Amino acid sequence: MTSEQIANTGSVTADHGSIQTHAQTQPRQNDSVKGCPSERKCGLRWRPAMLHPASLRVLLPWLTSIIGIAFALCLVIAWFPSTVWNTPIVSSDAPAHYYFIRRLLDEGLGAALHLWPHNSFYPPLFHVCAYFVIKIAALFGVQCSIYAAFNITWIIASGVIFPSGMLVLCRYFLQRWNHGNPMSNPISRISQASSTSESSSVSESSNVLNQRVSSAVNRQYNATFDATFVLRNLIGLFVPVLAVSSVCHPYGLLNAGPLIAFGFATSLLPFLIAATLRLFDAIAAREHIVKWLAITAIAGVVCLVAHPRIAFTYALILVPFIVLRLPWKLILGAFIAMCVGAVAFVALMLTSFKSDRWANPASWFHSHQPSKNLWESISFCFTDGLDGFPAILFALLLIAGTVAAFVCASCRAAMRSADSLSAAVSTVAPDFSADADASASDTAVSAPDVSPVSTSGLPAASCSDAADVSLSASSEPSRPRRNDRLRDVIALTAAFLLVTLVYVCTVTLVGALPNIISAPWYRDENRIMTMLPLVALPLLVIGVNALSECVSVCAASASFAPSASSFSTKNSASSSSSVPSLSSASAVSSVRNVSFASNWIGPIAAFLVIAILAVSAQIVCSSRTAARDTIIAHSSLNQSDPNEQLTERKITVLRKVTERTGTQATIISDPLNGSMYADTLFNANMLYPIINARTDVPSAPFGKVETAFASGDAQQVLGTVCPLTDAPEYFLTMGGQAQSLQSFPYRAQYDSFHNEELIDAYVDGGTLVKVADYSQYGQGWALYRFGCAD
């Protein structure tokens, strides 16, 4: 049968989801005669330009991304404790971060390279951003406090930067997952399989007819708005929301310390990981290497300036990708670089922190206590730190999706291997008949010259690309393709298991090996659990995508079974005739059903599951609520313990002290009694208002003062304190150390500052002179002036 006979008798054309007969296409032909330049242009002329599928493909990724990030930002703002806008977060590390911002304001950006009071380096990026928030607000006539700038910077990092980075990272894996699959229509694959299996029992004309039906369905599939494209962009709504749904990050670090610098680096890390993986792609393709190397280097420097210790998280996650995706020479080079970095880190620790326990790793972190049992720590990882029903749903989707991704990726790899073998055999021993050549040529003539356009950079998705190798063979490069899907699934799974191992070692196991494994993160649960979303969320995304594809293929297979047998019967009955019939309403209906099943069943199911997960994670969020309540409790001034870091009484005393001394005089006090907050509350000049003083640095003034004060030698005290500044020097007592800071390992070094006997001795000898008594606020509270000759 010739193509002219089929064209004159019955034709199948695609028009946005409908299959038309010859009678239905006649009006279009008349329109063409009347001056319509083409069927495609005429059919789309009435549409607004913004509704064109190509325009939607451009706008939808941006629209869903913006909406998703906006949702994430709203969630972070809604969660953020309102009490810390006017009062500081009262915790162990908070005064240091406030002090760093204050120092930048006092000394300018030049202080960014030596923020510590003894002028050593501390990662300054978060504090520099807060500094710019204050300066930009001043340009508009708005006075922004240090606390407000601190909070705004944290909200931007947690509600905008981090969800944006996670979206970039997840879309990268989706792009690779769906790469090289330009015509992923399950109907065509099933119809081709049916056509092939029945080729021995039907006529040549039936085979040609089935091939033309398959080509027509492909045209229909590509002309309609791609359902899988919609799914991938709906992920743009949910990935940012899920990124900020877990207590793992960013909420946990604001409560712990807060660990602001490390949290800021963690929020930036997804961009560095995505850039590094793009660099691996460029190396494999041998193109754009310099471009992605520069981008990766810039992203790496930014992350290191945020916090150098983030390099350990980066290396842990990237190790599986390095092993699976780089040439062996680069793998060797990467591991040599890691070893050099590890040696440098050990050398830094040995020289910076003096200890007699270095040779006995089992004695490291001797004050650390396990917080979870084995089951609790493992389940925490598989649930990404969620609670209740969302946790169960997340774990089920993660496990089922990973299995589905392995199955789809393995099938694709197997089918590609089989296809490569078949191609090699056909190249060595071609055996084509003239009829087969004619049929193939005829099919090629009628094949659609249409390829899906995806200006978003994300090609169309489907399940088991292995099944449609024949469709995309013409677009495959001549060199053998690597099994990108399988490599990514293995690497992501390995990275997830490595993170789980480190977390379990930290919160459950004890001994030398767990100490060594978790040492780069200070064996701190809060730092380590920030890694979970970085590996769990991408694995969940590609897993849900794989499940969606599998559901679509299964639905299409079930829907196509009756229609395939119907077509086979019709073709057999009409084999004696020169013209087969395609105008049956039932046949058209069957193809429509198959099209709907293959295009939409999977994406709709995936959309509903992810939507339920994202919404329920905002309803059942006891861990996040607990973190928020803890911060509110820390920032409250109504404390039952009068010795807590900040109370109404201490605020009053610190205000009175600053009014008495002014902002230029130096005030020395025990940093664990809350006095260091006077620096940012009232701009007082507190000497080293940071609780972890280092006495091994020659320029550390607070360490020298602490040693001299504990000596009991009046001459040594005055000889150390008096030269600090030209302004007067004061000493403040405000009771003992706060109960909330009793876990601080170096608290004993400040005991001399609240030793009443030692203080009385200095008063009796004239070293200290009482200038203000605050005993009505607390027993023994007073302000003294050092007896310097000034």
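Everything numeric in this text was worked out from a predicted model, so none of it was measured. Positions are given from 1, in the same order as the sequence printed here.
At distances below 3.5 Å, at least one donor-acceptor pair connects side-chain atoms of E644 with backbone N or O atoms of S740. A side-chain donor-acceptor contact under 3.5 Å links T508 to the backbone of K372. Formation of a donor-acceptor pair under 3.5 Å by the W364 side chain with backbone atoms of I516 is not found in this model. Under a 3.5 Å cut-off, the side chain of Y677 and the backbone N or O of F682 do not form any donor-acceptor pair. The backbone N or O of L386 lies less than 3.5 Å from no partner atom in the side chain of D384, so there is not a single donor-acceptor pair. Under a 3.5 Å cut-off, the side chain of S775 and the backbone N or O of G778 do not form any donor-acceptor pair. The backbone N or O of I155 lies less than 3.5 Å from no partner atom in the side chain of S158, so there is not a single donor-acceptor pair.
Under the side-chain hydrogen bond (donor to acceptor under 3.5 Å, both in side chains) criterion, H307 pairs with no residue at all, not counting sequence neighbours. Looking at residues two or more places apart in sequence or on another chain, you find a salt bridge (Lys or Arg N to Asp or Glu O under 4.0 Å) between R103 and E107.
If you take CE on M686 and CG on D679, they are separated by 8.0 Å, rounding to the nearest 0.5 Å.
Side chain to side chain, Q618 and R624 meet the donor-acceptor criterion of an N or O pair below 3.5 Å. In summary, the side chains of D629 and T625 do not present any donor paired with an acceptor at a separation below 3.5 Å, with no hydrogens or angles considered. For the residue pair N683/T663, the side-chain donor-acceptor check at 3.5 Å is not satisfied.
R527 forms a cation-pi arrangement with F262, by the criterion of a distance under 6.0 Å to the ring centre and an angle within 45° of the ring axis. Because its NZ or CZ atom is both nearer than 6.0 Å to the ring centre of Y522 and within 45° of the ring axis, R309 counts as a cation-pi partner of that residue.
Ring-plane geometry between F786 and F731 is classed as perpendicular, the angle between the planes exceeding 60 degrees on a 0 to 90 degree scale with a lower cut at 30. Ring orientation note: the planes of F150 and H97 are tilted relative to one another, at an angle of 30° to 60°.
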